[in-house]
Participant: 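Just dropping this structure here.
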Amino acid sequence: MIEPLGRGESARYAPYDWTLRAFGPPRALPPAPVVLVEGVGAGRRELRPHLAALLWMELGARESWARGRRRDGEAQREFWDGWTEAERAHFAGDPSRPHADLMVRATPEGYEVLPGPASPLRPGPHGPDSHAR
């Protein structure tokens, strides 16, 4: 639950063990001036109202999945075979990209950060009152 952080209180979360394919025991997460929530589900519908900003890493699905496979090796091959379809289904039902305040893109020299589709820096009706956040 993320709500306690907004009140300056500790929250609890259960880290996911990718090897065991199960959530581990809950851990305390103390409040802090900045809490970074990362991962595929970080911009999901239930979390968006609690986020100060949503960043989207702009990387094609094939490249992203290839990076994951290289990182995780043969031991996680079966996981990745199922993950690609699960990720497609997740974003089809609850897309995060349209709600991104900032877009992060890889460049040959590092990364660039650009206004995202929901950024108030983009022309047109954007910002917190123009979409579900």
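Any value given below was found using the heavy atoms of this structure, including those in side chains, with hydrogens, waters and symmetry copies removed.
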Participant: So do the side chains of Pro26 and Tyr13 get within less than 4.5 Å of each other, counting heavy atoms only?
Facilitator: no
Participant: Tell me whether Val40 shares a hydrophobic cluster with Met57, the cluster being built from Ile, Leu, Val, Met, Phe, Trp, Tyr side chains joined at under 4.5 Å.
Facilitator: no
Participant: With a 6.0 Å cut-off (strictly less than), is the heavy-atom count around CD of Glu9, excluding the residue itself, greater than 12?
Facilitator: yes
Participant: For the atom pair CZ (Arg105) and CD (Glu112), what is the distance rounded to the nearest 0.5 Å?
Facilitator: 6.0 Å
Participant: Determine, using the 4.5 Å side-chain heavy-atom cutoff (strictly less than), whether Leu55 and Leu47 are members of one ILVMFWY cluster.
Facilitator: no
Participant: Tell me if the aromatic rings of Trp18 and Trp80 count as close, with their centers under 6.0 Å from one another.
Facilitator: no
Participant: Between CZ of Arg97 and CG of Leu54, what distance do you get to the nearest 0.5 Å?
Facilitator: 11.0 Å
Participant: Go through the steps for Glu87 and Trp65 under the test side chain to side chain donor-acceptor pair (under 3.5 Å), then give the verdict.
Facilitator: CA-CA 10 Å; Glu87 188 179 64; Trp65 297 330; 2.5 Å; yes
Participant: Is a donor on one side and an acceptor on the other found under 3.5 Å between the side chain of Arg44 and the backbone of Gly41?
Facilitator: yes
Participant: Is the number of heavy atoms from other residues, nucleotides or ligands under 6.0 Å of Arg77 CZ greater than 12?
Facilitator: no
Participant: So, are Arg67 and Glu63 salt-bridged, with charged N and O less than 4.0 Å apart?
Facilitator: yes
Participant: Is there side-chain contact between Ile2 and Glu46, with heavy atoms separated by less than 4.5 Å?
Facilitator: no
Participant: Are His90 and Pro95 close enough that some pair of their side-chain heavy atoms sits under 4.5 Å apart?
Facilitator: no
Participant: Below 4.5 Å, heavy atoms only, C-beta onward: do Arg27 and Arg12 meet side chain to side chain?
Facilitator: no
Participant: Report the distance from atom CD of Glu58 to atom OH of Tyr111, rounding to the nearest 0.5 Å.
Facilitator: 13.5 Å
Participant: To check you understand the geometry: which heavy-atom pair defines the closest contact between Pro25 and Pro15, and what is its length?
Facilitator: O-CD, 3.5 Å
Participant: Check whether any side-chain heavy atom of His99 lies under 4.5 Å from a side-chain heavy atom of Trp56, and answer yes or no.
Facilitator: no
Participant: Should Arg48 and Asp94 count as side-chain neighbours, where that means a heavy-atom distance under 4.5 Å?
Facilitator: yes
Participant: If you define the side chain from C-beta out and look only at heavy atoms, does anything of Leu102 sit under 4.5 Å from Leu114?
Facilitator: no
Participant: Tell me whether Val104 is reachable from Leu51 by hopping between hydrophobic residues (I, L, V, M, F, W, Y) whose side-chain heavy atoms are closer than 4.5 Å.
Facilitator: no
Participant: Write down the atom of Pro4, the atom of Ala11, and the distance for their closest heavy-atom approach.
Facilitator: CB-CA, 4.2 Å
Participant: Counting only heavy atoms not in Glu3, do more than 12 fall under 6.0 Å of its CD?
Facilitator: yes
Participant: Hey, does the side chain of Asp101 reach the backbone of Ser119 with a donor-acceptor pair shorter than 3.5 angstrom?
Facilitator: no
Participant: May I ask you to test the Ser10-Pro31 pair for a side-chain heavy-atom distance under 4.5 Å?
Facilitator: yes
Participant: Closest heavy-atom contact between Glu78 and Arg21?
Facilitator: C-NH2, 4.3 Å
